[in-house]
Amino acid sequence: KEKVEITKEQKALTKVIVEAYNRHQIPQDVAKKLLQDQYSVEENFLLLTEMATSQVQVIVEFTKSIPGFLSLDHEDQIALLKGSAVEAMFLRSAQVFSKKMPNGHNGILEERIRKSGISEEFITPMFNFYKSIIGLHMSLEEQALLTAITILTPDRPYVKDHQAVEKLQEPMLDVLRKVCVLQHPQEPQYFARLLGRLTELRTLTHYHAEMLTSWRMNDHKFTPLLCEIWDVQ
Ligand SMILES: O=C(c1ccccc1)c1ccc(-c2nc3ccccc3n2[C@H](C(=O)NC2CCCCC2)C2CCCCC2)cc1
């Protein structure tokens, strides 16, 4: 049985990533808001754009805390943030959805999201993804490291220095692999399943522009930041 050891450096790296992840929580809890009231389709869309806009700002701060990120070429920094924003938003949404709540509340939250205005064809793939994330019972370290790994994906469009990004992503993958072995000793394939979620995430975000403009209402208004990040309007 291979003895898995997390080195001092890897412990330090994980600590930095988890602290940054915790520090940059979404300011206001969207699940609580959704459980409080039923909103109209227009109000829900506004809530989504507000939450997503603040999450983009939060993700930028989180990413700046990733050791080495600020030493990358500046245009590559932008390309990585832009290329991963929708994935990070869905990953965060899945983590919000997977939070255990007083019984019945998860059902209400699911209902509110189903009726929020998202067009039917995207509801199933979105919830399939959320349920697959729930099924993994990810630890906080795994969530934080997976988010960093998603952002540091070398093959995003317009990234020039792939190698420099790989050099940052690899240590994260190494320590995530070890964390998975240590935290899920009964599931040798757990790390592979975790990375498999990133593939499902990419397919889900493939239609993101269509998902947004098909929100069941006319005249979809976006913030300037989201127009930049989401390639809409
Ligand atoms: O269609 C979507 C989309 C968005 C961007 C690009 C492409 C598609 C698209 C549609 C729902 C959700 C989505 N899945 C959620 C799961 C649990 C809780 C809320 C969730 N949300 C939305 C949300 O606020 N997400 C936050 C979460 C924190 C990080 C920033 C984002 C609300 C918005 C109010 C109405 C109901 C759902 C997330 C995304």
Side-chain angles (χ1 to χ4, degrees), residues 20-63 81-102 104-136 138 140 143-144 146-147 150-151 197 200-217 220-233:
Y21 188 73
N22 277 333
R23 214 175 23 252
H24 302 308
Q25 290 299 353
I26 295 289
Q28 165 253 14
D29 185 346
V30 61
K32 211 165 46 234
K33 217 168 155 64
L34 287 166
L35 288 164
Q36 264 158 3
D37 274 323
Q38 291 252 24
Y39 297 101
S40 73
V41 169
E42 286 74 11
E43 285 165 333
N44 275 321
F45 191 80
L46 181 65
L47 181 58
L48 169 68
T49 54
E50 282 167 358
M51 293 310 299
T53 300
S54 72
Q55 196 236 355
V56 168
Q57 289 152 343
V58 152
I59 281 284
V60 168
E61 290 315 306
F62 168 70
T63 308
L81 283 164
K82 186 168 160 41
S84 62
V86 176
E87 288 176 27
M89 190 270 311
F90 272 117
L91 202 48
R92 185 83 203 121
S93 296
Q95 284 149 8
V96 170
F97 189 70
S98 60
K99 275 208 179 79
K100 199 79 201 86
M101 282 182 272
H105 283 202
N106 286 82
I108 298 170
L109 181 61
E110 174 159 349
E111 202 44 41
R112 295 272 159 88
I113 295 167
R114 284 183 184 280
K115 300 226 168 343
S116 60
I118 306 165
S119 52
E120 279 311 303
E121 64 192 294
F122 301 118
I123 293 274
T124 308
M126 195 171 86
F127 278 105
N128 286 346
F129 176 69
Y130 290 171
K131 300 214 164 150
S132 68
I133 290 288
I134 291 175
L136 286 169
M138 288 168 69
L140 186 66
Q143 288 181 35
L146 197 67
T147 303
T150 303
I151 294 163
R197 296 301 106 230
E200 190 179 350
L201 194 51
R202 281 202 189 196
T203 49
L204 187 68
T205 54
H206 181 73
Y207 319 102
H208 82 273
E210 201 186 326
M211 277 175 94
L212 286 160
T213 46
S214 66
W215 197 282
R216 289 198 316 275
M217 65 188 220
H220 304 83
K221 279 194 179 40
F222 301 96
T223 61
L225 179 56
L226 290 183
C227 291
E228 274 294 306
I229 286 272
W230 280 352
D231 289 333
V232 284
Q233 200 136 0

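Just the heavy atoms: all of them, side chains too, but no hydrogens, waters or symmetry mates, feed the values below. When a ligand or atom number is given, it counts from 1 through the structure's own listing order. Just so you know, residue 1 is the first one in the sequence shown, and it goes up from there.
Counting atoms of ligand 1 from 1 in the listed order, those under 4.0 Å from a heavy atom of Val96 are 17 (C), 18 (C). Ligand-side atoms of ligand 1 in range of Ile118: 10 (C), 11 (C), range being under 4.0 angstrom from any heavy atom. Close contacts of ligand 1 with Val30, meaning ligand atoms under 4.0 Å from a residue heavy atom, involve 19 (C), 24 (O), 27 (C). Near Trp230, the atoms of ligand 1 lying under 4.0 angstrom from a non-hydrogen atom of the residue are 5 (C).
Residue Tyr130 has at least one nitrogen or oxygen atom sitting less than 3.5 Å from a nitrogen or oxygen atom of ligand 1, judged on distance alone.
Heavy-atom separations between Trp215 and ligand 1 include at least one value shorter than 4.0 Å. For Tyr39, the closest heavy-atom approach to ligand 1 does not fall below 4.0 Å.
Of the heavy atoms in Leu48, both backbone and side-chain atoms come closer than 4.0 Å to ligand 1. Only the side chain of Ser116 comes within 4.0 Å of ligand 1, counting heavy atoms alone; its backbone N, CA, C and O stay farther away. Both the backbone and the side chain of Asn44 come within contact range of ligand 1, each with a heavy atom under 4.0 Å. At a heavy-atom distance under 4.0 Å, no atom of Thr205 approaches ligand 1. For His208, heavy-atom contacts with ligand 1 shorter than 4.0 Å involve the backbone as well as the side chain.
Electrostatic pairing of Asp37 and Arg112 does not count as a salt bridge here, judged by no charged N lying under 4.0 Å from a carboxylate O. One finds a salt bridge joining Glu110 and Lys131 here, because a Lys/Arg side-chain nitrogen approaches an Asp/Glu carboxylate oxygen to under 4.0 Å.
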Please lay out, stage by stage, how Tyr21 and Val58 fare under the test side-chain contact (heavy atoms from CB on, under 4.5 Å). CA-CA 9 Å; Tyr21 188 73; Val58 152; over 6 Å; no
Take His220 and Leu212 through the test side-chain contact (heavy atoms from CB on, under 4.5 Å) and record every step on the way to the result. CA-CA 8 Å; His220 304 83; Leu212 286 160; over 6 Å; no
Report the C-alpha distance between Met126 and Ile113 in whole Å, list the side-chain angles of each, state the deciding distance to 0.1 Å, and finish with yes or no for side-chain contact (heavy atoms from CB on, under 4.5 Å). CA-CA 10 Å; Met126 195 171 86; Ile113 295 167; 3.6 Å; yes
As a quick check of understanding, evaluate side-chain contact (heavy atoms from CB on, under 4.5 Å) for Asn128 and Leu204, giving each step before the final call. CA-CA 10 Å; Asn128 286 346; Leu204 187 68; over 6 Å; no
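In this structure, Phe90 and Tyr130 have tilted ring planes: the angle between them lies in the 30° to 60° band. Ring planes of Trp230 and Phe222: perpendicular class, angle over 60° (limits at 30 and 60°).
Interatomic distance, CE of Met211 versus CD1 of Ile123, reported as 8.0 Å (0.5 Å rounding).
The option with the heavy atom closest to atom 29 (C) of ligand 1, from among Arg92, Arg114, Lys115, Lys32, is Arg92. Scanning Glu210, Gln55, Met89, Met211 for the heavy atom closest to atom 4 (C) of ligand 1 points to Met89. In the candidate list Phe90, Phe127, Tyr207, Phe222, Phe90 is nearest to atom 8 (C) of ligand 1, counting heavy atoms.
Annotation for Lys99: atom NZ counts as buried by contact number, over 12 foreign heavy atoms lying within 6.0 Å.
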